Amino acid sequence: MRVFNFSAGPSALPLEVLERAKDELIDFAGCGMSIMEMSHRSEIYESVAHQAERRFRALFAVPANYRVLFLQGGATAQFAAVPLNITGPNRRAAYVNTGIWSTKAILEAGRYLDEVVTVASTESSGFNRVPEPAEWLEMGPVDYLHYTDNETIGGVEFFSIPDAGETPLVCDMSSNILSREMDVSRFGVIYAGAQKNMGPSGITVVIVREDLLGHARPDTPSFMDYSIQAKNGSMLNTPPTYPWYLLGLVLEWLEAQGGVKAMEVLSQRKSALLYDAIDRSALFTNPVAIGSRSRMNIPFTLARPELEALFLQEARASGLVNLEGHRSVGGFRASLYNAMPYEGVSALVSFMSDFERRHG
Ligand SMILES: *Cc1c(COP(=O)(O)O)cnc(C)c1O
């Protein structure tokens, strides 16, 4: 039996995608072999890879002067790839700190740059919101400005794009890419690991503006160099062929659902349903300031922590799984990515209100 899987990542994939992959697993398109077993240089694989790129560009409205790369190493590799590739005369970069993922990005950038300026941080309020425009410090001359559009652990999301002026804006969109329309032309670089909102782990999408290519530090590992990967169609070495194929299937599914706009509307409905239930309840609490509440990851706690284990056990028995909060923060977290149907959230909300009636 399939459950409603609220995992933060790797996360639920659409059932239609899994079934299609199963149907094609042993004999792909009459080739007599699995797509996993064929050369990434074969004509048939190249067409699968190109189609995924075409679909991604169309769904996310990526302008023609941007390259889309399909790389390995997750968003974590990009924490290093960004300072290695987006270099300028300053050897300084500005970062916004809104939580655990921003903090990791800052620490990694510090290994490569002379200075990392934290231009705004909400650490003193427990990372429960995005910074107000008035809180931003002067960043001075920097090579780029980096922020995390959705903090997957804290459940904090930006709803407007920071104004970086002429400075290249770099964004980690790992956990909310393809969940709402974005003006890609505002960015220098966008990166996202697939395993949250668009596929399995093992593949990372990097969108980079063409004029930023060709400036990598000379000691940048070739496979992390955006311009080398762009020249080689993301196939400098063997790419993660099966995750790339699965990502393509998810994009095809997304198209059939009505694309990113449809996901935006659905994500608003799903998250509003859960936030309303939490706000009405005397037992459950969400710590994030209204206005910064993530549509994707919703952390919540219980007024009676002694009931936590029971909550998880009963939820699991009702087919609602992976509701544990991140190991660093505890409590609960429901991740409502594109593949989570409205019915899943509705089942969770009914379960929570029933649980409160019995134990609240
Ligand atoms: C999961 C996540 C990461 C880390 O991704 P990996 O693929 O494990 O390297 C980075 N940033 C955000 C916002 C994430 O959600």
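The structure displayed is predicted, hence computed values, not measured ones. Both counts, for ligands and for their atoms, begin at 1 and track the order of listing.
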How far is atom 11 (N) of ligand 1 from the closest protein heavy atom, and which atom is that?
Asp172 OD2, 2.6 Å

Contact (N/O only, under 3.5 Å) between Gln195 and ligand 1:
yes

Would you tabulate the side-chain donor-acceptor contacts of residues 231-238 under 3.5 Å, counting partners in other chains and residues two or more places apart, or write 'none'?
from, atom 1, to, atom 2, distance (Å)
Asn232, ND2, Ile228, O, 2.7
Ser234, OG, Phe70, N, 3.0

Purely on distance, is any nitrogen or oxygen of Gly193 under 3.5 Å from one on ligand 1?
no

What part of Thr76, side chain, backbone, both or neither, has a heavy atom within less than 4.0 angstrom of ligand 1?
both

Could you tabulate the donor-acceptor pairs under 3.5 Å formed by side-chain atoms of residues 3-10, not counting sequence neighbours?
from, atom 1, to, atom 2, distance (Å)
Asn5, OD1, Ser7, N, 3.0
Asn5, OD1, Asn322, ND2, 2.8
Ser7, OG, Gly9, N, 3.2
Ser7, OG, Pro10, O, 2.7

How far is atom 15 (O) of ligand 1 from the closest protein heavy atom, and which atom is that?
Thr152 OG1, 2.4 Å

Electrostatic pair Glu324-Arg333, nearest N-O below 4.0 angstrom:
no

A student checking ligand 1 against Gly74 at a 4.0 Å heavy-atom cut-off should list atoms 7 (O), 9 (O)

Nearest non-hydrogen protein atom, atom 5 (O) of ligand 1
Ala75 CB, 3.6 Å

Would you check whether Asn150 has a nitrogen or oxygen atom less than 3.5 angstrom from a nitrogen or oxygen atom of ligand 1?
no

Does a salt bridge link Lys22 with Glu19, judged by any charged N lying under 4.0 Å from a carboxylate O?
no

Specify side chain, backbone, both or neither for Lys196, according to which of its non-hydrogen atoms lie closer than 4.0 Å to ligand 1.
side chain

Hey, are Glu115 and Arg92 close enough for a salt bridge, meaning a charged N less than 4.0 Å from a carboxylate O?
yes

Does a sphere of radius 6.0 Å around CD in Glu306 hold more than 12 heavy atoms from other residues, nucleotides or ligands, not counting ones at 6.0 Å or beyond?
yes

So does Glu252 pair up with Arg20, basic N to acidic O under 4.0 Å?
yes

Relative to ligand 1, is Phe79 under 4.0 angstrom through side chain, backbone, both or neither, heavy atoms considered?
side chain

